[in-house]
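Just below is one structure, and these are the notes that go with it.
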Amino acid sequence: MFSLSSASAGEAIYVLSAAGTASLDSVIAESPVDGPPRLDPGPAISLQLSDGSLATYSDLVVLAGGHLLLGDGSGRGAVRFDPQGTQVDELFPSDAGKRFPSVVAKGYITPNNPDRFLVGDDTTGMVRIYDRIDDDYPFSYTTTENNRRPDIARAVALPENRIAAGMVWSELSLSGVDVISIESSDEDGVIIRSDDDADAPEAVIIDDLHPLRDLMADLDGRLLLTSDKSVFIVDAQGEVLWRVDMGDHPALNGEFASARWLNSGLVAIATRQPGLWNQPHINHRLHLLDPNAPDEAYLDSSDSFHAAPLRIAPADGQGGTGTRDFYADAFDVDALSPSDLSVEEQPFVTPAEIVHGEQAALSFALANERSSPVWIRRAGFHITDRPCGEIEHPSQLGHPWWSNANDRTVEPGGVWRVEEQPLESGDLHPGQWCGQLVLIDRNGTSHQPGTFVDFQILPDADSESPVTVEELSDFHRSDAGALTDAGEPTQATEIDEEGGCSCANTSPSSTLIGLLCMLMTLIVSRHRRIADRLRGRRDHCPASGPR
């Protein structure tokens with residue numbers, strides 16, 4: 001099988017077309033010693049789904065190990081292919097029917113096996129993290145303009161657990177980019193908009209950014225932004241450092257579709273002819289530009305493609321995250337297990353006796369005294385309604401009372417400290433409880449640092465003790481005749497020494513007296529419960545877990 005990496009000393013670039021059902025085009029950016037850089041044709045890669053069907057695709061990245069990750073517009077969410085184009089797996093089978101126009105790797109287990117993905121979800125207008133191990137979305141982000149949710153042009157994963165989300169509000173003729181922290185909403189981010197009429201007075205305004213087509217980042221925090229008529233490089237504060245407009249060179253015609261930094265520092269830009277998505281056109285091409293050229297940035301153009309290009313991606317992947325040379329907690333980081341953390345402060349709940357419905361707090365501190373980072377997929381404080389002395393294995397603990405779904409890295413010498421995390425007791429019944437801190441590692445294995453935690457939920461003094469009601473058997477009108485045979489007669493009612501009622505056999509005419517007996521029993525029982533509560537006796541609900 002032909003390998004692009006062995007075909008040339010140049011950089012190979014994959015091209016995903018808008019037709020995109022059967023193959024990827026490729027172009028090789030050559031940088032010869034004795035001449036200017038140029039773009040040469042490369043071999044096409046046939047995409048083969050395991051069931052033999054065809055599909056449309058909306059995004060393309062190359063993973064750290066060389067596999068292809070394609071956002072799928074045909075309802076699969078995303079599909080992974082090997083370098084020869086054979087399907088490996090579908091990465092979002094539980095979300096069949098959703099269209100992800102943007103998908104990048106957020107974290108890896110092995111070079112070709114991401115465990116988390118940053119996706120753009122057009123069905124909700126959200127940028128979300130999908131965790132394949134948990135089959136869950138631990139993080140979602142969206143922002144509205146004039147109460148309208150956006151379409152997601154593209155989202156990329158950034159260092160320090162940040163993301164950049166590119167969004168388009170077509171009805172408002174507005175586009176924007178939000179750079180935010182996943183871990184803390186208090187951290188200062190960058191907001192970019194194409195118009196100062198947006199609901200974001202603090203935004204940096206970049207004219208001609210709408211409609212936004214594509215987005216890429218680098219480790220310096222710079223963004224490479226593509227609209228239909230312009231391509232920009234902006235710094236971490238949103239200031240425009242470099243700009244190319246459609247028409248700046250005679251070869252640049254149609255509209256821009258996608259742009260990527262190459263390892264050489266050059267920029268590859270795809271153009272297309274609107275409306276001619278599935279047929280050849282001279283404007284369906286790739287162009288090579290030098291962002292450091294003081295006068296003339298244009299270098300070369302490729303041959304035209306058989307269909308309009310939609311996305312381009314360097315074949316070496318550059319990390320597969322959408323940020324050049326960023327691997328997102330990847331396999332090459334020797335991350336230790338959460339069990340390697342030392343307990344600096346044992347987990348505890350305050351107060352240890354919690355009045356039902358009132359708030360408690362969880363605290364703990366875990367230190368990394370090793371020379372490598374510790375990566376935690378998620379954390380939780382799991383509880384069960386039993387004393388800790390009866391727990392033989394952590395698997396007996398139930399659902400988490402508190403959870404932190406965002407991944408976290410504890411660097412060497414670092415401490416993860418949680419102080420007085422609020423816990424609501426309203427969903428727990430009175431009684432004795434036991435809790436345990438649980439950490440989940442990269443592979444989904446659980447670890448339990450620290451000791452079990454005993455705590456008690458006390459009844460609320462103002463609440464009624466629950467009354468157990470026994471369900472009566474069904475009564476059907478057709479059975480009424482069976483009630484005429486009363487059996488043995490009952491006798492008169494007596495009051496027992498404890499203040500309750502007892503009933504002896506007597507005649508059917510004493511039925512009224514029997515009913516009075518039942519009424520007196522209920523009154524006395526009610527009187528007993530009130531008296532017991534005043535004497536400080538506690539009534540307990542039937543044991544059950546959190547609801």
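All values derive from a computational prediction rather than experimental measurement. Residue numbers run from 1 in the order of the sequence given.
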List in chain and number order the residues that pass salt bridge (Lys or Arg N to Asp or Glu O under 4.0 Å) with [X], two or more places apart in sequence or in another chain; answer none if no residue qualifies.
| X | value |
| --- | --- |
| Asp454 | none |
| Glu171 | Arg148 |
| Arg370 | Asp340 |
| Arg386 | Glu390 |

Can you name the residues that form a side chain to side chain donor-acceptor pair (under 3.5 Å) with [X], not counting sequence neighbours?
| X | value |
| --- | --- |
| Gln421 | none |
| Ser339 | Ser337 |
| Ser140 | Arg128 |

From [X] [atom1] over to [Y] [atom2], what is the distance, rounded to the nearest 0.5 angstrom?
| X | Y | atom1 | atom2 | result |
| --- | --- | --- | --- | --- |
| Ser403 | Arg378 | OG | CZ | 8.5 Å |
| Phe348 | Leu437 | CZ | CG | 12.5 Å |
| Ser342 | Asn368 | OG | CG | 7.5 Å |
| Met126 | Asp121 | CE | CG | 8.0 Å |
| Thr144 | Asp199 | OG1 | CG | 7.0 Å |
| Leu397 | Phe452 | CG | CZ | 5.5 Å |

Within 6.0 Å of CD in Glu392, more than 12 heavy atoms from elsewhere: no

Looking at [X] and [Y], what are the two nearest heavy atoms and their distance?
| X | Y | value |
| --- | --- | --- |
| Ala203 | Arg193 | CB-CG, 3.7 Å |
| Pro459 | Val355 | O-CG1, 4.2 Å |
| Ala153 | Ser102 | O-CB, 4.3 Å |
| Val156 | Ala217 | CG2-CB, 4.2 Å |
| Val410 | Val415 | CG1-N, 4.3 Å |
| Gly435 | Cys388 | N-SG, 4.3 Å |

So does [Y] get a backbone contact from the side chain of [X], meaning a donor-acceptor N/O pair under 3.5 Å?
| X | Y | result |
| --- | --- | --- |
| Ser175 | Ser194 | no |
| Thr323 | Ala157 | yes |
| Trp401 | Thr384 | no |
| Gln346 | Thr451 | yes |
| Gln436 | Pro449 | yes |
| Tyr327 | Ala64 | no |
| His356 | His429 | no |
| Asp218 | Asp220 | yes |
| Thr321 | Ala105 | no |
| Ser425 | Glu358 | yes |

Does any part of the side chain of [Y], heavy atoms only, come nearer than 4.5 Å to the side chain of [X], both counted from C-beta?
| X | Y | value |
| --- | --- | --- |
| Arg154 | Val127 | no |
| Arg149 | Thr124 | yes |
| Trp416 | Ile376 | yes |
| Leu223 | Leu215 | yes |
| Met167 | Ile152 | yes |
| Phe326 | Leu158 | no |
| Ile354 | Leu428 | no |
| Lys106 | Ile182 | yes |

Between Tyr141 and Asp178: side-chain donor-acceptor atoms closer than 3.5 Å: yes

Derivation of the side chain to side chain donor-acceptor pair (under 3.5 Å) call for Asp136 and Tyr130: CA-CA 6 Å; Asp136 194 13; Tyr130 175 78; over 6 Å; no

Pairs where residues 109-118 contributes a residue and the test salt bridge (Lys or Arg N to Asp or Glu O under 4.0 Å) is met, not counting sequence neighbours: Asp115-Arg377, Arg116-Asp131, Arg116-Asp407

Salt bridge (Lys or Arg N to Asp or Glu O under 4.0 Å) contacts touching residues 409-422 (sequence neighbours left out): Glu344-Arg417

Listed partners of Val453 passing side chain to side chain contact (heavy atoms under 4.5 Å, CB included), at least two apart: Pro347, Val349, Phe381

Full working for side-chain contact (heavy atoms from CB on, under 4.5 Å) between Leu174 and Asn146: CA-CA 11 Å; Leu174 180 69; Asn146 293 328; over 6 Å; no

Aromatic plane relationship, Phe455 with Trp433 - under 30° parallel, 30 to 60° tilted, over 60° perpendicular: parallel

Full working for side-chain contact (heavy atoms from CB on, under 4.5 Å) between Val234 and Val177: CA-CA 11 Å; Val234 303; Val177 178; over 6 Å; no

Step-by-step side-chain contact (heavy atoms from CB on, under 4.5 Å) determination, Leu68 to Leu63: CA-CA 6 Å; Leu68 311 172; Leu63 300 174; over 6 Å; no

Pairs flagged by disulfide bond (SG atoms under 2.5 Å apart) wherever residues 143-201 is involved - sequence neighbours left out: none

Pair listing, disulfide bond (SG atoms under 2.5 Å apart) test, anchored in residues 135-192, at least two apart: none

Residues His399, His382; criterion side-chain contact (heavy atoms from CB on, under 4.5 Å); working and verdict: CA-CA 6 Å; His399 296 292; His382 293 238; 5.9 Å; no

side-chain contact (heavy atoms from CB on, under 4.5 Å) partner of His67, the single match among Val62, Asp89, Asn112: Asn112

